[in-house]
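Scroll down for the structure; my scribbles are underneath it.
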Amino acid sequence: IIPTFNRSDLLERAIKSVLNQSYKNFEIIIIDNNSTDNSLNIIQSYFDKITYKQKKRVSSYSPANQIDILIEAYKISTGTILCLLDSDDFFFLEKIQTVKNIFIENTKLDILFDIPHTKDKNKIYPLKVKQKFNKYIWPTILPTSSISLRRSFFEDCLKLKLFDNYPILEIDFRLNFFAQNIIGNHQTIDKHLTF
C-alpha cells in the first residue's frame with residue numbers, strides 16, 4: 001500500500017522497488033491525496049500494474065490524511081499481509097519474500113517491523129533502535145515503511161478505533177505503541193529490508 005501526496009520526485013522509485021521484488025505474487029495499491037505535482041502522470045504509466053484511486057484530503061493535518069488513505073487502500077486490498085510503503089521510501093529486493101516467510105513461520109504474529117536504512121548528510125546507515133531498559137522509556141518508533149501486518153490485525157485496529165481522534169498522531173506511532181505495549185504479538189527483525 002503506497003499512500004502519496006505531491007511526491008513525484010520520489011514516487012517512481014517507490015513503485016519500481018515493489019515491481020522489482022524477487023517475490024511476485026502481490027498487489028500494489030496507490031491512493032493519491034489529489035496531488036498537484038506530476039504524480040498522476042507517473043502513476044498513469046503504471047496503470048496496468050497497480051490499483052489506483054484518488055481521494056480528497058480530509059484534514060489539514062498530514063497524519064490524518066495518511067490514515068484516511070491507508071484505510072481506503074485496506075478496503076480495496078485483497079491480500080492477507082499488508083506492507084506499508086511511504087512514497088518517499090523504497091523496499092530492498094527481498095522485502096516481500098522475507099516478510100511472507102516470517103508470517104508463514106509465525107502464525108500468531110500480527111505485526112512485523114524491520115529496521116530500515118536511512119540517509120543523513122549523504123551517509124547511509126541502519127536506524128538506531130533504542131534498547132528499552134524500563135517501562136518508562138518509549139520504544140524506538142519504526143517508520144511506516146518498515147511495518148508489515150496481517151489484514152486481520154488491521155481490522156482489529158479499526159474495530160478498536162485505534163486510528164480515530166488525535167489528527168496529528170502518526171500511524172507509525174500508533175501501530176508501534178499498540179503492538180509493543182498492548183498486544184505483544186509483534187516481532188522486530190534485524191534485517192534491513194526498507195530504505
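The basis for the numbers below is simple: all heavy atoms, side chains too, and nothing from hydrogens, waters or symmetry mates. The chain is numbered in sequence order, starting from 1.
A donor and an acceptor atom, one from each side chain of Asn41 and Asn38, are located under 3.5 Å apart. Side-chain contact, Tyr74 with Glu155: a donor N or O sits under 3.5 Å from an acceptor N or O. Neither side chain, Tyr23 nor Glu94, offers a donor N or O lying under 3.5 Å from an acceptor on the other. Counted by atom type alone, Asn101 and Gln97 present one or more donor-acceptor pairs between their side chains at under 3.5 Å.
A donor-acceptor pair is defined here as one N or O able to donate and one able to accept, closer than 3.5 Å; no such pair exists between the side chain of Asn6 and the backbone of Ser35. A donor-acceptor pair is defined here as one N or O able to donate and one able to accept, closer than 3.5 Å; such a pair exists between the side chain of Asn176 and the backbone of Leu142. A donor-acceptor pair is defined here as one N or O able to donate and one able to accept, closer than 3.5 Å; no such pair exists between the side chain of Asn106 and the backbone of Lys108. A side-chain donor-acceptor contact under 3.5 Å links Asn65 to the backbone of Ser59. Of the possible polar contacts, none joining the Glu12 side chain to the Ser8 backbone as a donor-acceptor pair under 3.5 Å is found. Listed for the Lys161 side chain is no donor-acceptor partner under 3.5 Å among the backbone atoms of Leu158.
Under a cut-off of 6.0 angstrom, the local environment of NZ in Lys55 is crowded, with over 12 non-hydrogen atoms contributed by other residues, nucleotides or ligands. Residue Phe195 places its CZ atom among more than 12 non-hydrogen atoms of other residues, nucleotides or ligands, all under 6.0 Å distant. No more than 12 heavy atoms of other residues, nucleotides or ligands lie within 6.0 Å of OH in Tyr166, so this atom counts as exposed by the packing criterion.
For His186, the ring pair (Phe, Tyr, Trp, His ring centres under 6.0 Å) test picks out no residue, with sequence neighbours left out. Among residues two or more places apart in sequence or in another chain, the ring pair (Phe, Tyr, Trp, His ring centres under 6.0 Å) test is passed with Phe5 by none.
Residue pairs meeting the side chain to side chain donor-acceptor pair (under 3.5 Å) criterion with at least one partner in residues 76-88, sequence neighbours excluded, are Thr4-Ser87, Arg7-Asp88, Glu27-Thr78, Gln66-Asp86, Ser77-Arg151.
In this structure, Lys95 pairs ionically with Asp114, as a charged nitrogen and a carboxylate oxygen lie closer than 4.0 Å.
Atom CD1 of Ile50 sits about 7.5 Å away from atom CD1 of Ile28, to the nearest 0.5 Å.
The aromatic rings of Phe92 and Phe90 sit perpendicular to each other, their planes meeting at more than 60°, with 30° as the lower class boundary.
Residues Phe154 and Ile76 do not share a hydrophobic cluster, defined by chaining ILVMFWY side chains whose heavy atoms lie under 4.5 Å apart. Ile30 and Ile42 end up in the same hydrophobic cluster when Ile, Leu, Val, Met, Phe, Trp and Tyr side chains are linked at under 4.5 Å.
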